[in-house]
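Structure first, then comments.
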Amino acid sequence: QVQLAESGGGLVQPGGSLRLSCRASGPTLSSYTVAWFRQAPGKEREFVAGIHWSGSSTNYAESVKGRFTVSRDNAKNTVYVQMNSLKPEDTAVYYCAVSGGGALTRSPSNYHYWGQGTQVTVSS
């Protein structure tokens with residue numbers, strides 16, 4: 001069973017940057033497709049970015065394309081999302097999740113293991 005722990009969230013001003021980390025314990029993360037989701041108060045959980053287990057492809061929500069970059073360091077068993085040019089509408093709890101099936105999809109139902117989330121607040 002994969003256990004995930006997110007870190008790196010916090011309060012940042014509009015236009016600022018944060019890097020979130022998703023560290024896995026248990027099986028090696030290199031065998032899994034990993035995605036980042038976020039959920040703002042009163043809204044549904046939405047896909048943000050993902051990286052295929054092979055590292056050969058990534059996918060981004062339109063709202064973050066060009067601002068966020070997802071990457072993985074298999075040696076550290078960690079997946080990152082670098083978030084630049086942050087906007088107030090990026091405020092949410094961010095979760096990382098692992099797909100047992102391997103496919104890089106945007107549906108939360110395809111992800112079987114989830115972290116506890118880390119809060120990102122973008123405000124002046």
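Counting from 1, the numbers follow the sequence of the chain as shown.
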Would you call Asn74 and Thr28 a side-chain contact if the rule is heavy atoms closer than 4.5 Å?
-> no

Within 45° of the six-membered ring axis of Tyr95 and under 6.0 Å from that ring's centre, is NZ or CZ of Arg45 located there? yes

Quick one: does Glu6's side chain have a donor or acceptor within less than 3.5 Å of a partner on Cys96's backbone?
yes

Side chain of Arg72, backbone of Leu29: donor and acceptor closer than 3.5 Å? yes

Are Trp114 and Val70 connected in a single hydrophobic cluster, I mean Ile/Leu/Val/Met/Phe/Trp/Tyr linked by side-chain heavy atoms less than 4.5 Å apart? no

Interatomic distance, OG@Ser57 vs NE2@His52, rounded to 0.5 Å, equals 5.5 Å

Can Tyr111 be reached from Val81 by stepping across I, L, V, M, F, W or Y side chains whose heavy atoms are under 4.5 Å apart? no

Q) Counting only heavy atoms not in Glu44, do more than 12 fall under 6.0 Å of its CD? A) no

Residues pairing under side chain to side chain donor-acceptor pair (under 3.5 Å) where one sits in residues 13-24, two or more places apart or in two chains, turn out to be Ser17-Asn84

Between Val2 and Trp53, is there a shared hydrophobic cluster once you connect ILVMFWY residues whose side-chain heavy atoms come closer than 4.5 Å? no

What one should report as the nearest heavy-atom pair of Val122 and Lys87 is CB-O, 3.2 Å

Exercise for review: Would you sort out whether Glu46 and Gln39 count as a side-chain contact (heavy atoms from CB on, under 4.5 Å), showing the intermediate values?
Suggested key: CA-CA 6 Å; Glu46 65 173 355; Gln39 188 165 20; over 6 Å; no

When rounded to the nearest 0.5 Å, the distance separating CD of Glu89 from CZ of Arg38 is 8.0 Å

Taking every heavy atom of Ser63 against every heavy atom of Arg67, the minimum-distance pair comes out as O-NH2, 2.9 Å

If you count heavy atoms of other groups shown closer than 6.0 angstrom to CD of Gln116, is the number above 12?
no

(Q) Assigning hydrophobic clusters by single linkage (Ile, Leu, Val, Met, Phe, Trp, Tyr; side-chain heavy-atom cutoff under 4.5 Å), is Leu104 placed with Ile51? (A) no

Test side-chain contact (heavy atoms from CB on, under 4.5 Å) applied to Tyr80 and Leu20, step by step: CA-CA 6 Å; Tyr80 306 96; Leu20 304 184; over 6 Å; no

Between Ala40 and Ala92 the two heavy atoms that sit nearest each other are N-CB, 3.8 Å

When you look at Val64 and Met83, which way does the side-chain contact (heavy atoms from CB on, under 4.5 Å) test go after all the steps?
-> CA-CA 8 Å; Val64 307; Met83 307 188 297; over 6 Å; no

Return yes if some donor-acceptor pair links the side-chain N/O of Asp73 with the main-chain N/O of Thr78 below 3.5 Å, else return no. no

Distance flag, aromatic centroids of Tyr60 and Phe47, threshold under 6.0 Å
no

Heavy atoms of Gly117 and Val93 approach each other most closely as CA-CG1, 3.9 Å

*Apply the test side-chain contact (heavy atoms from CB on, under 4.5 Å) to residues Ser99 and Tyr32: give CA-CA distance (whole Å), side-chain angles for both, the deciding distance (0.1 Å), then the verdict.*
CA-CA 6 Å; Ser99 170; Tyr32 295 94; over 6 Å; no

* Asked: Taking the side chain as C-beta and beyond, is there a heavy-atom pair between Ser123 and Pro88 under 4.5 Å?
  -> no

(message) Checking the side chain of Thr58 only, and the main-chain atoms of Gly50 only, is there a donor and an acceptor separated by less than 3.5 Å?
(response) no

Polar side chain donor-acceptor pair, Ser107 to Thr105, under 3.5 angstrom:
no

Honestly curious: do Val98 and Phe37 fall in one hydrophobic cluster under the side-chain, below-4.5 Å linking rule?
no

### Query
Are Thr91 and Val120 close enough that some pair of their side-chain heavy atoms sits under 4.5 Å apart?
no

*Crowded around Lys43 NZ? As in, over 12 foreign heavy atoms under 6.0 Å?*
no

Hey, can you tell me if Tyr94 and Phe68 have their rings parallel, tilted or perpendicular (30° and 60° cut-offs)? tilted

*asked:* For Gln3, is the CD atom crowded, meaning more than 12 foreign heavy atoms sit under 6.0 Å from it?
replied: no

